[in-house]
Visitor: 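I have a structure I would like to understand better, so I am pasting it below and will then ask my questions one at a time.
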Amino acid sequence: MPGVRLTPEDRAQIAAGLAERLDYAEIARRLGRPTSTVSREVARNLRRGTYAPRPLPSAPVGVPDFDERFTALMVESGLSRMASRVLTALVTTDAGALTAAELVARLRVSPASVSKAVAYLETLSIVRRERVAGRRERYVIDDDVWLRTWQTSADQHARWGAAARAGALEYGGAAGARLERMGQFFEKLGQTMAHDYDPAVAEDMLTVIAALVHAVEPRSAEELAAALGWPVARVSAALALAERPDFADPVAPLRRPDGRYVAVANPDRLTPGQRAALSS
């Protein structure tokens, strides 16, 4: 289409192509324009090394008041403002996906800003790239993204815990004790996050432990079920969760050889020396 002025949509395609690091010839081929048209367009609208044509193409703007509040909330949590704006745009679009050109148009920012923000969100496992027609890409936020980021955080906490406890052995002394406490905290946090559980079962677990403390004498699952007025299966599920070391603390159920349970102090809460001193 030589001789025809570039449309806002054409300029958005140029911005998207530059964000994808395409050369001028490839961008021109997709537009059906001479390469010289693209190169002159970029040269005329180069601002501080970034292609920033004005006016930019129109695009859905969402609900500005909510978008700004949501973005501000994420900025307060430590996310950069541009990454927060990109994430807000993706979350609030029906498709859950936008191309670079659509993000440039919606946010009124440079392609480089979008590219940098998306790259950072990818490191957090929040956004993924999806190939569309030709060499174009769009950025997608999946429905299960929050579960995946939760697991990523759990893995990170577990690594911090392991590293801190390793450091505790190397340092010793007061620094070692501090690192040991840090390691225990992050290991327990990682374990808790890594295991899915039903909050209702967790609430039942607290009730069962309270029942064992009150009973003093050992009780079987059937005896606990009768006392609480619950099905045995419900008590068994609560006891199974309580037996996990990352949940019941500082009191946990101990299963005796006869199959009955008694409430005891979590063995990880006291050191061997502390337990010996209290038992003497």
Side-chain angles (χ1 to χ4, degrees), residues 124-125 143-280:
L124 302 180
S125 302
D143 290 339
D144 67 346
V145 63
W146 311 119
L147 179 59
R148 287 191 283 109
T149 54
W150 177 275
Q151 185 60 57
T152 299
S153 296
D155 294 343
Q156 183 66 58
H157 289 142
R159 289 195 295 270
W160 286 358
R165 299 193 79 169
L169 296 175
E170 296 185 33
Y171 272 92
R178 187 179 303 110
L179 284 166
E180 178 64 20
R181 289 193 297 271
M182 174 183 172
Q184 289 179 356
F185 171 81
F186 279 108
E187 279 191 353
K188 180 164 289 189
L189 181 60
Q191 291 167 359
T192 301
M193 294 178 68
H195 296 87
D196 191 20
Y197 70 97
D198 186 339
V201 177
E203 186 68 24
D204 285 351
M205 176 195 73
L206 297 177
T207 301
V208 167
I209 291 175
L212 287 171
V213 171
H214 182 79
V216 180
E217 296 296 325
R219 294 286 190 271
S220 66
E222 291 76 12
E223 290 171 333
L224 287 167
L228 295 172
W230 294 355
V232 174
R234 181 176 175 184
V235 172
S236 297
L239 286 168
L241 184 63
E243 288 176 340
R244 280 172 42 182
D246 52 315
F247 271 86
D249 189 42
V251 179
L254 174 66
R255 192 174 191 272
R256 292 157 44 104
D258 63 2
R260 295 185 173 188
Y261 292 85
V262 63
V264 299
N266 189 323
D268 294 334
R269 176 55 58 185
L270 299 175
T271 66
Q274 290 170 332
R275 289 197 294 272
L278 291 166
S279 300
S280 60

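Residue indices begin at 1 and follow the sequence shown.
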Visitor: Cut-off 3.5 Å, no hydrogens considered: what does the side-chain donor-acceptor table look like for residues 253-260, sequence neighbours left out?
Guide:
from: Arg255; atom 1: NE; to: Tyr261; atom 2: OH; distance (Å): 3.3
from: Asp258; atom 1: OD1; to: Arg260; atom 2: N; distance (Å): 2.9
from: Arg260; atom 1: NH2; to: Glu223; atom 2: OE2; distance (Å): 3.4

Visitor: Quick one: pull up CG in Leu239 and OG in Ser220 and give me the separation to the nearest 0.5 Å.
Guide: 10.0 Å
Visitor: Do you know which two heavy atoms are closest between Ala225 and Val235, and how far apart they sit?
Guide: CA-CG2, 3.7 Å
Visitor: Taking only residues two or more places apart in sequence, or in another chain, which ones meet Trp160 in a ring pair (Phe, Tyr, Trp, His ring centres under 6.0 Å)?
Guide: His157, Phe186
Visitor: Any chance you could measure His214, atom NE2, to Arg219, atom CZ, to the nearest 0.5 Å?
Guide: 9.0 Å
Visitor: If I take atom CG from residue Asp204 and atom CH2 from residue Trp230, how far apart are they, to the nearest 0.5 angstrom?
Guide: 4.0 Å
Visitor: Could you give the side-chain donor-acceptor pairs of residues 206-213 under 3.5 Å, partners two or more places apart or in another chain?
Guide:
from: Thr207; atom 1: OG1; to: Glu203; atom 2: O; distance (Å): 3.3

Visitor: Is there a donor in the side chain of Arg159 and an acceptor in the side chain of Gln156, or the other way round, less than 3.5 Å apart?
Guide: yes
Visitor: State the CZ-CE distance between Arg178 and Met182, to the nearest 0.5 angstrom.
Guide: 11.0 Å
